[in-house]
Amino acid sequence: MPTLFDDIEKVLITKDELQTRIAALAAEMNAIYDDDDLPMLVCILKGAFMFLADLTRHLDFRHEIDFMEISSYGSGTTSGSVRILLDLASDITGRNIIIVEDIVDTGNTLTYILKNFTARGPASVRVATLLSKPSRREVDVAVDFVGFEVPDEFVMGYGLDYAQQYRTITRPNCCTTCTARPTAAIITCSSRRAWPRNTSNTSARCNRIRR
Ligand code: IMP
């Protein structure tokens, strides 16, 4: 019986590497912002929820958080149709905003978000993304804080999904009683076309893979 782990090709970024880099990104932010700025971190759901949670635990300055859910690939195989599924609860006029993204791929989603935010009159907008795939970029979009540049491979885990699954996938540890399982690794799937192998949800299968 195949398991979720059969779908993992490799661990791209380990839990320790993630946490070390996220702490470094927070340090960069701590050097820029102080309490008077009272930045608002806007988590782009759903993929960035783990990144936001770990990032904010390292921030020294007073800040607020809000959430926005974006659908990038509703029905097609291109990233052209971006829409807001859940809007901000807060008024961001005059606020210092830090957008927290999971991954910038083509850049179309982030471009849409930035345009939308700019129209609301914030004092400043910066962008933090855990991952970036520069080789896939279709639009030139500025990102202020980048966790890792990754190759053109489909990644999942640590909040990133494939067809709404695999967000919390972990690779089995060699020690069955170990409490320090690698619960937060970024992984890549084994084959874009034949994947995931252990689900019959074929309608979901191709919507997120656009090549
Ligand atoms: P973009 O508009 O092409 O930059 O896509 C951004 C969104 O696509 C991200 O916020 C993710 O939700 C999703 N995405 C792009 N590449 C991947 C990937 O490799 N794994 C999981 N989600 C991805």
Side-chain angles (χ1 to χ4, degrees), residues 4 7-13 18 22 25 41-55 66-88 97-117 125-171 184-196 199 201 204-211:
L4 287 179
D7 295 328
I8 301 172
E9 180 178 293
K10 65 184 177 209
V11 175
L12 195 63
I13 304 167
L18 276 173
I22 290 169
L25 287 180
L41 281 84
V42 176
C43 175
I44 305 301
L45 296 173
K46 299 171 186 163
F49 75 99
M50 286 196 191
F51 178 37
L52 176 90
D54 284 341
L55 180 69
D66 204 343
F67 299 89
M68 178 180 249
E69 185 170 0
I70 301 287
S71 167
S72 304
Y73 312 112
S75 57
T77 55
T78 69
S79 58
S81 60
V82 181
R83 66 194 174 99
I84 296 174
L85 300 180
L86 174 74
D87 206 350
L88 298 172
I97 304 299
I98 305 174
I99 295 170
V100 180
E101 260 282 25
D102 55 353
I103 183 166
V104 180
D105 185 21
T106 63
N108 286 312
T109 304
L110 182 57
T111 300
Y112 173 90
I113 294 169
L114 285 169
K115 197 172 167 195
N116 182 285
F117 275 38
V125 181
R126 286 192 172 95
V127 178
T129 186
L130 179 66
L131 305 176
S132 175
K133 281 188 208 168
S135 63
R136 294 263 308 151
R137 209 68 95 241
E138 291 175 5
V139 282
D140 192 17
V141 60
V143 182
D144 304 275
F145 309 97
V146 179
F148 299 88
E149 290 193 350
V150 294
D152 181 10
E153 296 184 78
F154 198 82
V155 296
M156 56 195 184
Y158 196 66
L160 286 92
D161 73 309
Y162 178 83
Q164 298 302 325
Q165 297 179 31
Y166 300 90
R167 293 188 194 278
T168 57
I169 193 163
T170 63
R171 185 165 251 192
I186 297 288
I187 57 185
T188 63
C189 65
S190 51
S191 161
R192 289 196 181 95
R193 269 179 288 278
W195 194 88
T199 175
N201 186 2
R205 186 171 297 174
C206 296
N207 283 346
R208 302 292 297 273
I209 306 291
R210 290 157 292 125
R211 53 203 95 147

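For ligands, and for the atoms within them, numbers begin at 1 and follow the listed sequence. All values reported here derive from a predicted model rather than from experimental measurement.
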If we only count N/O pairs under 3.5 Å, is G107 in contact with ligand 1? yes
**Request:** Indicate yes or no: does an N/O atom of L110 lie under 3.5 Å from an N/O atom of ligand 1?
**Result:** no
In ligand 1, the atoms that come under 4.0 Å of a heavy atom of L160 are 20 (N), 21 (C)
Note: ligand 1 atoms sitting under 4.0 Å from heavy atoms of T106 are 1 (P), 2 (O), 3 (O), 4 (O)
Testing the basics here: between [X] and [Y], what is the closest heavy-atom pair and its distance to 0.1 Å?
X: I84; Y: Y112; result: CG1-OH, 3.8 Å
X: E138; Y: N108; result: OE1-ND2, 3.0 Å
X: E101; Y: I113; result: OE2-CD1, 3.9 Å

Looking at ligand 1, does [X] have a heavy atom less than 4.0 Å from it?
X: D161; value: yes
X: E101; value: yes
X: K133; value: yes

Residue set satisfying salt bridge (Lys or Arg N to Asp or Glu O under 4.0 Å) with D66, at least two apart, ordered chain then number -> none
Ranking D102, T109, I70 by closest non-hydrogen atom to atom 6 (C) of ligand 1, top hit is T109
Original post:
Can you tell me if R126 uses its side chain to pair, donor with acceptor, with the backbone of I97 under 3.5 Å?
Top reply: no
Taken in chain and number order and not counting sequence neighbours, the residues that satisfy side chain to side chain donor-acceptor pair (under 3.5 Å) with N116 are R120
